[in-house]
Amino acid sequence: MDYKFWEIEPKWQEFWDSNKTFKTRDDFSKPKYYILDMFPYPSGAGLHVGHPEGYTATDIISRYKRMNGFNVLHPMGWDAFGLPAEQYAMQTGTHPAITTRKNCDTFRRQIKSLGLSYDWDREINTTDPGYFKWTQWIFIQLYNTWYDPESKKGLPISELPIPSVIEEMGPKAVKEYVASKRLAYYDNAQVWWCSSCRTVCANEEVLTDGSHEKCGHQVIRRNLKQWLLRIPHYAERLLEGLDDLDWPEGVKDMQRNWIGKSHGAEVDFDIDGIDQKLRVYTTRPDTLFGATYMVISPEHPMAETLVTPENEENVKEYIHTASLKSDLDRTELAKEKTGVFTGRYAINPVTGGLIPIWVADYVLMGYGTGAIMAVPAHDSRDFEFAKKFSLPVNCILDPAAADQDLRDKILAGDACWTEDGVYINSANSEKGIVLNGLNKSEGIRTVTQWLEERGLGKATVNFKIRDWLFSRQRYWGEPFPVIHWEDGEVSLDENLPVMLPTLEKYEPGEGGESPLANAREWLEVVGADGRKGRRETNTMPQWAGSCWYYLRYIDPTNKDSIFNPELEQYWMPVDLYVGGAEHAVLHLLYSRFWHKVLFDLGIVSTDEPFIKLYNQGMILAFAYETATGAKVSSDLVEDRDGKFFHTETGEELHQIVAKMSKSLKNVVNPDDVVQKYGADSLRLYEMFMGPLDERKPWADSGVKGVSNFLNRVNRFFSDLQNITDEKEDPETEKALHLAIKKVTSDIENLKFNTAISALMVFNNHAIKKGKVSLETAKTFTLILSPFAPHLGEELWQLYGANDTISYEPWPKADEELLKEDMFEYPVSFNGKMRFKLALPVDFSVNQVEEAVISNEKTGKYLEGKNLRKVVVVPGKIINVVIS
RNA sequence: GCCCGGGUGGCGGAAUUGGUAGACGCGCUGGACUCAAAAUCCAGUGUCAGCAAUGACGUGCGGGUUCGAGUCCCGCCCCGGGCACCA
């Protein structure tokens, strides 16, 4: 019987659709399982083979969990705001909503053709007003929340205590004070501006080379009024929360690095000749004795105060030059350090010595206090700077582990040492501080305490994470529910949703304003009191909609509230979240931030949204290059007996693995694969390629391999002549239960490649046997069905069922059947396996040893050798040690 | 520079976490079926030597621990990802 996937696959997809087989009911009596895919951006290019990888994995688990009695929530939707639809609108005038709808239709059709068991009644779309109404609503919650460091919680802004000093200054001061505490605020911000996209981008969207992640164009600095979110207030919570999450360690590390917590101290330095102090942040207060100069960043507010008249011109020029530089120029490591002397000196609090204050752009205003004490002997950046400008290098830490040569250099101030050691030259009994003889951690403790006792400084914690730039000069995004009044007041428009106006032109407005600035009618508002105002013309970034979508699936059509809290309590948190590693920081950190705020406000019931996270690896493709490394398009490559040649030049080519790309002509379209081999084959191949979390190259021959397997399954199991009513043969029964056991544990551990291998092993066994019982055939069909659901349903129906296989109970492996009487011991001599010896499993170590020694084969290996000992690991191995 | 991954046959990858290296699949070789081809089926397939039995070698490189190392430890090399003057 032929394997007619082209008939059975549409048949079952139609069945699932019309019977709403995968509709999720809010049945609280069952244990729930919420399994989520990162929803896609529906691009015009349609699905690529990377999408079905994660989707198939979650689909297998969804089906497996249903068969294990779980109430499974497994939804899909569209992250549909974004630049491409808007750019297309600029070129063609087509409204982005139309483009978006078309693309979603394509994606939905393609996803449905893969037989994925989503509950389509819960489909969501971030561009749907019924959805973004609630994105705007969350923005309002953020705006109306402040973070209380005491209780470490976000609280309603109405509960913000106003200090009496502020209160006395009048209502304007109070308003400003309140604004300074809101989690969302509107302010001037130094932002990255992409002149090609005519929009700002967040720090995270700018690549290391200073180009915009989306378009590759160089970005520049601009000062613009923008919306920002105070995510650093949640830094500590976001950091602590990571510990209990079942996430890949690498992702957690990346988030930890991004948050960038450091412990150190703030120290106040007196300034010679002015009655002001310069505050620095350092993680190495212990090296205070080695501080030989200070540096402030060019943007430091005290720059003007500090500079002496004779240095004023120099310093001003330097600050001006620095302001023109991009961060890229300023941070490039290869670059030489620059700086100018202010003419002013600070007083080192432990030595009492005068140390020069410099301005240099290697110190950043955005971190710590924007000023540092420089310890060139024990900080490599300071060392580099000191060498260039001939500043003194005082070694105060005798290096612990350096070789003698290096140690001499360090002690002489000719090299830098940042590791542990023993302090020298670090005592001032007059000031009551002695570090000599201590090590680094003792030193840090001693100095910090000394500073605190004298009111000169205090222990401080710093974070690298910055405020999140939350507005874009775009049309196709969520409008802010905000009105700017002519008198400068900002207020919220709580009449949600605030809709996007229809535009004739999607070009950005004057001076870098969003295209919304062109929508005059929409833009201008008049208040009840006749006051005039303008709507916010910026829109939210794409992150906004994806920050909370997992919550809307819970109750996607609710018109009155974001979701029903009872449903939220049942379904949350997400039990398993699968998606690409490219979202390791941004999406996942932003989501966690919003979720924690919503948790503090009592809107959601869990502190963390995603209990377990798994990253699927990227699917790559084979590509070819010449001896000189030039890439060759795949259509110009000829395969001759496993060697590759250029069809035009005849040159032998080297096979490499690279990202799929149009230019290399090695992009695989899932539609073509479904057409040629069927959805079950595509699913199976994507899972069989290798471990889910690893990057791996696509090979068409591999699809053929799994397609062969499904053909063999179909040929054998759909031929009722092979299926008997007799009792199953013990050997086959054992093979079956071995497969159940392996497939079960492999699904639990997301090891789908080896699960499929186990299915293949059993199938090979069954075919070799020639006959299996109906019971066996049904059981095999059950464990095959999550992987190849169409064929699973088809066989299930053939065996007499008249309903879906999707909710049939998952088989249990019978351990009794797997027990062995005999074990075939590998017998090694000095660790080399020589022969096998079958012995009863219940043999004692002594009995095994005797059996080995008396075995005739052993004699051969003992000839001319001494038997030293016999190592027996019951049920594992025998090793005979000879000499 | 720092932080994570990863290097196993011709290829994708297995290996119960210290116990038979190479499961499963692709490819290749030989055979069956066929007028022939495709498809399918059967057998073989880490490398070297040998007709074979068998032996030697073998998990990026160099050391070490152990009765025994792909797996653990020390020192390197290469590939991929992230961060990068954060004091």
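Small disclaimer: the values here were computed from a predicted structure and weren't measured.
- Across residues 738-748 of chain A, not one residue has a non-hydrogen atom less than 4.0 Å from an atom of RNA chain B.
- T282(A) comes within contact range of the sugar-phosphate backbone alone, with a heavy-atom separation under 4.0 Å but no base atom that close.
- By the 30° and 60° cut-offs, the orientation of the rings of F385(A) relative to F389(A) is tilted.
- Nearest-nucleotide assignment on RNA chain B puts the 5′-proximal partner with K832(A), out of K832(A) and N462(A).
- Applying the 4.0 Å criterion to OP1 and OP2 of G55(B), one finds that R834(A) has a side-chain N or O inside that range.
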For RNA chain B, the expected dot-bracket line (Watson-Crick or G-U under 3.5 Å, [ ] crossing, | inter-strand) is (((((((..(((......[....)))((((((.......))))))((((....))))..(((((..]....))))))))))))....
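- Here the CG-NZ distance, from L818(A) to K734(A), works out to 7.5 Å after rounding to the nearest 0.5 Å.
- Using bins of under 30°, 30° to 60° and over 60° for the plane-to-plane angle, the ring pair F829(A)/F835(A) lands in the tilted bin.
- As rounded to the nearest Å, A38(B) and A56(B) have P atoms that lie 42 Å from one another.
- Of the options T56(A), V743(A), D680(A), a side chain to side chain contact (heavy atoms under 4.5 Å, CB included) to F787(A) is made by V743(A) and by none of the others.
- Anti is the classification of G62(B), since its glycosidic angle lies more than 90° from 0.
- Listed nucleotides A87(B), G25(B), G12(B) differ in distance to S262(A); the shortest reach to its side chain belongs to A87(B).
- Among the nucleotides A87(B), G13(B), G25(B), the one closest to any side-chain atom of F688(A) is G25(B).
- Of all nucleotides listed (C4(B), C83(B), U20(B)), U20(B) comes nearest to the side chain of M833(A).
- Out of C24(B), U40(B), C11(B), the shortest distance to the side chain of F622(A) is found at C11(B).
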field: Derivation and outcome, salt bridge (charged side-chain N to carboxylate O under 4.0 Å, His left out), residues E419(A) and K440(A)
entry: CA-CA 8 Å; E419(A) 301 299 307; K440(A) 184 167 151 182; 5.6 Å; no
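- Only the C1' atoms considered, G70(B) is 14 Å distant from G9(B), to the nearest whole Å.
- Residue K860(A) has its side chain nearest to U54(B) when only U54(B), C57(B), C83(B) are considered.
- For the OP1/OP2 pair of A23(B) and a distance below 4.0 Å, the side-chain nitrogens and oxygens of N753(A) include no atom meeting the criterion.
- Of the candidate nucleotides G25(B), C67(B), U20(B), G25(B) has the atom lying nearest to any side-chain atom of M760(A).
- Spacing of P atoms, A53(B) relative to A49(B), comes out at 16 Å, to the nearest Å.
- For Y367(A), whose side chain is taken as the heavy atoms from C-beta onward, the closest listed nucleotide among G19(B), U40(B), A87(B) is A87(B).
- Proximity note for R695(A) (side chain, C-beta onward) versus G80(B), C57(B), U20(B): the nearest is G80(B).
- Nearest nucleotide to the side chain of D379(A), out of C3(B), C67(B), A87(B): A87(B).
- Within the nucleic acid shown, K836(A) comes within 4.0 Å of at least one base atom, counting heavy atoms only.
- Of the candidates G19(B), G12(B), C42(B), C42(B) carries the atom nearest the R712(A) side chain, counting heavy atoms from C-beta on.
- Dashed line: the shortest gap from a side-chain N or O of K704(A) to OP1 or OP2 of G27(B) is under 4.0 Å.
- Mapping K696(A) and K659(A) onto RNA chain B by nearest heavy atom places K696(A) at the nucleotide closer to the 5' end.
- To the nearest whole angstrom, the two P atoms, one in U34(B) and one in G22(B), are 38 Å apart.
- Distance check on atom C1': U45(B) versus G25(B) gives 14 Å, rounded to whole Å.
- Checking the phosphate oxygens (OP1, OP2) of G25(B), a side-chain nitrogen or oxygen of N764(A) falls inside 4.0 Å.
- Syn is the classification of U17(B), since its glycosidic angle stays within 90° of 0.
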